[in-house]
Amino acid sequence: MRKIIVGSRRSKLALTQTNQFIEKMKAAGSPFEFEIKEIVTKGDRIVDVMLSKVGGKGLFVKEIEQALFNKEIDFAVHSMKDMPSVLPESLTIGCIPEREDPRDAYIANGHVKLLELPVGAVVGTSSLRRSSQLLLLRPDLDIQWIRGNIDTRLAKLQAGDFDAIILAAAGLKRMGWKDDLVTEFLEVDECLPAIGQGALGIECREDDKELLAELAKLNHEETALAVNAERKFLRDMDGSCQVPIAGYGTVKDGKITFTGLISSPEADQVFKETSISRDPIQAGREVAEKISAQGGYDLIQRVKAESNV
Ligand SMILES: NCc1[nH]cc(CCC(=O)O)c1CC(=O)O
């Protein structure tokens with residue numbers, strides 16, 4: 001029996017997601033043994049700097065991809081939201097399993113609702129996407145950067161460093177947190193999720209046909225269509241985490257409804273558009289075209305130039 005080596009970051013969330021996916025493969029009858037190999041990535045080593053300043057998305061992924069090239073591992077379970085929009089040649093996403101809750105979770109001390117926070121309350125997030133959309137709802141808030149894993153962030157909230165924080169619902173749910181931890185789930189029309197939020201992607205070598213055949217059994221067609229539309233938008237907008245970018249797709253009767261958003265960090269310029277198509281690439285491209293025609297692409301280039309990357 002082939003032994004599949006699964007690469008995983010060492011964080012609790014990464015290991016949880018990896019173990020849960022391996023269990024799914026076993027339940028689907030995959031004819032493999034599995035072993036997890038832990039990999040410490042640059043994103044895990046740098047914890048005190050704003051992510052968007054040190055290179056963004058690729059940080060969590062590079063070392064894992066190197067291990068795939070070197071055949072030290074056979075696949076890795078990523079949060080799609082951490083995946084750069086283009087994969088290196090010879091690697092592929094073998095499957096996208098069913099999406100968890102895509103929403104952001106707002107967690108406040110004393111469970112004070114977002115619209116009831118006192119003026120100037122301190123909200124912790126390290127995402128420009130979240131901060132710019134929060135400012136649209138509450139322009140008076142004092143948004144401060146917070147980093148660290150989920151437990152660290154919750155501890156900082158409890159210590160009183162923040163009045164509230166925002167985390168992805170999917171991570172909390174996968175880690176077994178109960179909904180009563182969350183003060184409010186922000187609906188997707190008030191805080192559009194990150195591209196790929198709540199979805200996992202299984203990355204492996206393109207030529208590993210035996211593994212790909214097994215991964216295909218765990219692909220969730222609707223999630224994959226939605227995420228493909230979202231990632232087409234990300235590619236076309238030349239997105240990265242220096243710029244607030246969001247996108248979320250849903251699928252009904254084979255049709256993808258995709259909404260994308262680009263905003264300035266201060267949220268004084270916001271572009272949001274929707275397209276519906278049977279083709280995920282077309283849905284993503286159309287929204288990118290509509291937003292670019294209004295100046296959204298130029299906004300991204302300007303913000304990138306200003307943050308000197
Ligand atoms: N940015 C880190 C990250 N990458 C994926 C998740 C959560 C799980 C997911 O979105 O699938 C998180 C934590 C968070 O944003 O709270």
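Atoms within each ligand, like the ligands themselves, are counted from 1 in listed order.
Set against the non-hydrogen atoms of R130, the atoms of ligand 1 under 4.0 Å away are 14 (C), 15 (O), 16 (O). Every atom of ligand 1 with a heavy atom of L167 under 4.0 Å away is listed here by number and element: 16 (O).
Taking any N or O of Q17, backbone or side chain, none lies under 3.5 Å from an N or O belonging to ligand 1. Looking at ligand 1, you won't find any N or O of A170 less than 3.5 Å from one of its N or O atoms. Backbone and side-chain nitrogen or oxygen atoms of G196 are examined, and none is located within less than 3.5 angstrom of a nitrogen or oxygen of ligand 1. At least one N or O atom of D82, backbone or side chain, sits closer than 3.5 Å to an N or O atom of ligand 1.
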Does the pair D161 and K156 meet the rule for a salt bridge (charged side-chain N to carboxylate O under 4.0 Å, His left out), with working shown?
CA-CA 6 Å; D161 298 358; K156 287 179 180 172; over 6 Å; no

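Side chain to side chain, Q17 and R9 fail the donor-acceptor criterion of an N or O pair below 3.5 Å.
Under the ring pair (Phe, Tyr, Trp, His ring centres under 6.0 Å) criterion, F271 pairs with no residue at all, not counting sequence neighbours. Under the side chain to side chain contact (heavy atoms under 4.5 Å, CB included) criterion, S90 pairs with F69, sequence neighbours left out.
Here S79 has side-chain heavy atoms under 4.0 Å from ligand 1, and that is the only part of it that gets that close. Neither the backbone nor the side chain of R99 has a heavy atom within less than 4.0 Å of ligand 1.
Under 4.0 Å is where a charged nitrogen must lie from a carboxylate oxygen, and between R138 and D140 at least one such pair does.
S11 contributes a side-chain N or O that, together with a main-chain N or O of A14, makes up a donor-acceptor pair within less than 3.5 Å.
By the 6.0 Å contact criterion, CD on E187 is enclosed, its count of non-hydrogen atoms from other residues, nucleotides or ligands being greater than 12.
Comparing heavy-atom distances from atom 15 (O) of ligand 1 across K81, R103, E100 singles out K81 as nearest.
For R174, the closest heavy-atom approach to ligand 1 falls below 4.0 Å.
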